[in-house]
Peer 1: 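Take this structure first; my questions come after.
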Number of protein chains: 2
Amino acid sequence: MRAPMSEIAKLSHQLVELYEKLSSWEQDVVKSSGLSTAQMHTIEIVGHGAQGGGALRMKELAKKMGVTTGTLTVMVDRLEQQGLLQRTPHETDRRSYLIALTEKGQNLFAEHHQYHLRLTEEITAILSAEEQALFSAVLEKIIGQI
Amino acid sequence: MRAPMSEIAKLSHQLVELYEKLSSWEQDVVKSSGLSTAQMHTIEIVGHGAQGGGALRMKELAKKMGVTTGTLTVMVDRLEQQGLLQRTPHETDRRSYLIALTEKGQNLFAEHHQYHLRLTEEITAILSAEEQALFSAVLEKIIGQI
DNA sequence: AACAAACATCTTGACAGTCAAACAATCACT
DNA sequence: AGTGATTGTTTGACTGTCAAGATGTTTGTT
């Protein structure tokens with residue numbers, strides 16, 4: 001049994017609206033840090049990559065970010081100049097670098113992560129425990145689907 | 001009663017992941033149309049503005065998109081060159097133009113809108129009627145909150 | 001009517017983000 | 001050792017972006 005068209009249209013509209021709001025929220029938060037959203041995105045990916053184990057090579061990072069390695073080269077150049085990122089030579093492959101956050105970069109990442117947690121906290125504050133649990137479960141399903 | 005920290009962190013992570021997936025989905029879809037995401041975003045805002053009644057002035061459109069009018073000028077220039085948008089002089093204010101989709105622009109907008117509906121359909125296909133209803137209600141709350 | 005202030009848009013100059021293609025160094029395999 | 005694949009960088013061209021200045025229009029005040 002398929003949901004009626006109007007319900008689909010409504011949900012589609014809501015998803016777009018949620019996306020837009022998250023987008024402008026992120027833009028506001030990032031602007032206050034002095035970085036661009038693309039730069040902060042890089043910091044976030046590198047930061048999360050570090051949590052999940054090892055530092056990333058340029059190529060892996062580029063793939064995760066959906067940009068070419070050429071684009072990433074200048075991006076990393078600038079973040080390295082700002083003391084947020086550093087290249088360290090790969091131990092066994094001399095073509096590659098491992099990209100990691102400096103201490104300054106880690107602090108920035110942690111601070112930005114806190115912003116995310118605070119927003120999520122605001123969101124959950126208006127949901128009941130059941131709503132929150134179901135919302136999380138539904139998100140899980142959707143993320144696996146897309 | 002506040003939700004425990006780990007739940008917040010989990011939900012925060014899910015929201016980021018959803019955002020990323022929607023982002024790359026949109027990028028893929030838009031790329032196939034030959035436009036940039038910024039251009040498609042312009043088409044979408046103008047298209048939705050038209051549904052909601054009147055065409056928009058440059059300034060109103062710039063505000064909705066979160067860019068300056070200077071940025072929008074060249075954006076509209078290019079979309080006009082491609083025959084997707086047109087400026088028509090404002091009836092009573094000779095400083096202003098009203099920006100609207102051409103027929104070609106409307107077709108593109110409709111086509112893109114269909115992509116959104118199809119994605120939403122895929123999403124709802126894996127949700128029960130109750131889940132879908134609650135998800136929509138939760139989104140409603142969240143959108144109002146952010 | 002005349003003027004000034006506010007306004008809408010466009011233009012210019014500067015820079016970040018982006019890609020494709022060419023390049024250089026290194027690796028992996030035979 | 002040699003050849004083809006891989007990794008990262010460089011280059012050239014273009015879009016997206018803003019701030020600041022320019023132009024023409026409207027609005028309000030005298």
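Keep in mind that the numbers below use all heavy atoms, side chains included, and drop hydrogens, waters and symmetry copies. Throughout, protein chains are lettered first and strands after them, A, B, ... in sequence-line order, and every chain is numbered starting at 1.
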Peer 1: Counting just side-chain N and O atoms, does A:K59 come under 4.0 Å of either OP1 or OP2 of D:dG8?
Peer 2: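 No, A:K59 has no side-chain N/O under 4.0 Å of OP1/OP2 on D:dG8.
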Peer 1: A side-chain contact here means heavy atoms from C-beta on lying under 4.5 Å apart; do A:Q14 and A:L11 qualify?
Peer 2: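 Contact flag for A:Q14/A:L11 side chains = yes.
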Peer 1: Roughly, in whole Å, what's the span from CD1 in A:I99 to P in D:dT9?
Peer 2: 7 Å
Peer 1: B:H90 NE2 to C:dC7 C1': how many Å, rounded?
Peer 2: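 One finds 13 Å between C1' of C:dC7 and NE2 of B:H90, rounded.
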Peer 1: What nucleotide, of D:dG16, D:dT25, D:dT7, holds the atom closest to the side chain of A:R57?
Peer 2: D:dT7
Peer 1: Of all the choices, C:dC10, D:dT9, C:dT18, which nucleotide is nearest to the side chain of A:Y97 once you look at every atom?
Peer 2: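 The listed nucleotide nearest to A:Y97's side chain is D:dT9.
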Peer 1: Rounded at 0.5 Å granularity, tell me how far CG in B:L79 sits from CG in B:L84.
Peer 2: 6.0 Å
Peer 1: For A:T92 and for A:S36, locate the closest nucleotide of DNA chain C by heavy-atom distance; then report the residue assigned to the nucleotide nearer the 5' terminus.
Peer 2: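 Final value for this comparison: A:S36.
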Peer 1: Does the pair B:L134 and A:E130 meet the rule for a side-chain contact (heavy atoms from CB on, under 4.5 Å), with working shown?
Peer 2: CA-CA 10 Å; B:L134 205 138; A:E130 291 82 10; over 6 Å; no
Peer 1: Atom CD of A:Q82 to atom C1' of C:dC15: distance rounded to whole Å?
Peer 2: 14 Å
Peer 1: Could you tell me the separation between the CG atom of A:L61 and the P atom of C:dT18, rounded to a whole number of Å?
Peer 2: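 From A:L61 CG to C:dT18 P: 12 Å.
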Peer 1: Strictly below 4.0 Å: does A:R78 bring a side-chain N or O up to OP1 or OP2 of C:dC15?
Peer 2: no
Peer 1: Relative to each other, are the rings of B:H48 and B:F109 parallel, tilted or perpendicular (30° and 60° limits)?
Peer 2: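 Answer is perpendicular, since the angle exceeds 60°.
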Peer 1: Given that B:V67 and A:E60 both sit by DNA chain D, which one's nearest nucleotide is further toward the 5' end?
Peer 2: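 Taking each residue's closest nucleotide, the earlier one in sequence belongs to A:E60.
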Peer 1: To the nearest Å, how far apart are B:Q27 CD and C:dC19 C1'?
Peer 2: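 B:Q27 atom CD is separated from C:dC19 atom C1' by 12 Å.
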Peer 1: By nearest heavy atom, map A:G70 and A:S96 onto DNA chain D; which one lands nearer the 5' end?
Peer 2: A:S96
Peer 1: Tell me whether the OP1 or OP2 atom of C:dA25 has a side-chain N or O from A:R94 closer than 4.0 Å.
Peer 2: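 No, A:R94 has no side-chain N/O under 4.0 Å of OP1/OP2 on C:dA25.
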Peer 1: Can you measure B:L98 atom CG to C:dT9 atom P for me and round it to whole angstrom units?
Peer 2: 9 Å
Peer 1: Under 4.0 Å between a side-chain N/O of A:T71 and OP1 or OP2 of C:dT18, yes or no?
Peer 2: no
Peer 1: How close or far is atom C1' of D:dC14 from atom CE of B:M75, stated in whole angstroms?
Peer 2: 13 Å
Peer 1: According to the interplanar angle, ranging from 0 to 90°, do the rings of B:Y115 and B:H112 count as parallel (below 30°), tilted (30 to 60°) or perpendicular (above 60°)?
Peer 2: tilted
Peer 1: Could you go through A:D77 and A:R87, starting from their C-alpha distance and side-chain angles, then the distance that decides it, and tell me whether this counts as side-chain contact (heavy atoms from CB on, under 4.5 Å)?
Peer 2: CA-CA 9 Å; A:D77 282 349; A:R87 290 172 166 95; 3.1 Å; yes
Peer 1: Checking only heavy atoms, does the side chain of B:R95 share a donor-acceptor pair with the base of C:dC7 at less than 3.5 Å?
Peer 2: yes
Peer 1: For a quick test of reading the model: is some side-chain N or O of A:T68 closer than 4.0 Å to OP1 or OP2 of C:dA20?
Peer 2: no
Peer 1: Of all the nucleotides listed (D:dT10, C:dT18, C:dT9), which has the minimum atom distance to the side chain of A:D77?
Peer 2: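 The closest nucleotide is D:dT10.
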Peer 1: Of the candidate nucleotides C:dC10, C:dA16, D:dT17, which contains the atom at the shortest distance from the side chain of B:V74?
Peer 2: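 Minimum distance to the B:V74 side chain belongs to D:dT17.
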Peer 1: Nearest whole Å is fine: how far is D:dT6 C1' from A:L72 CG?
Peer 2: 16 Å
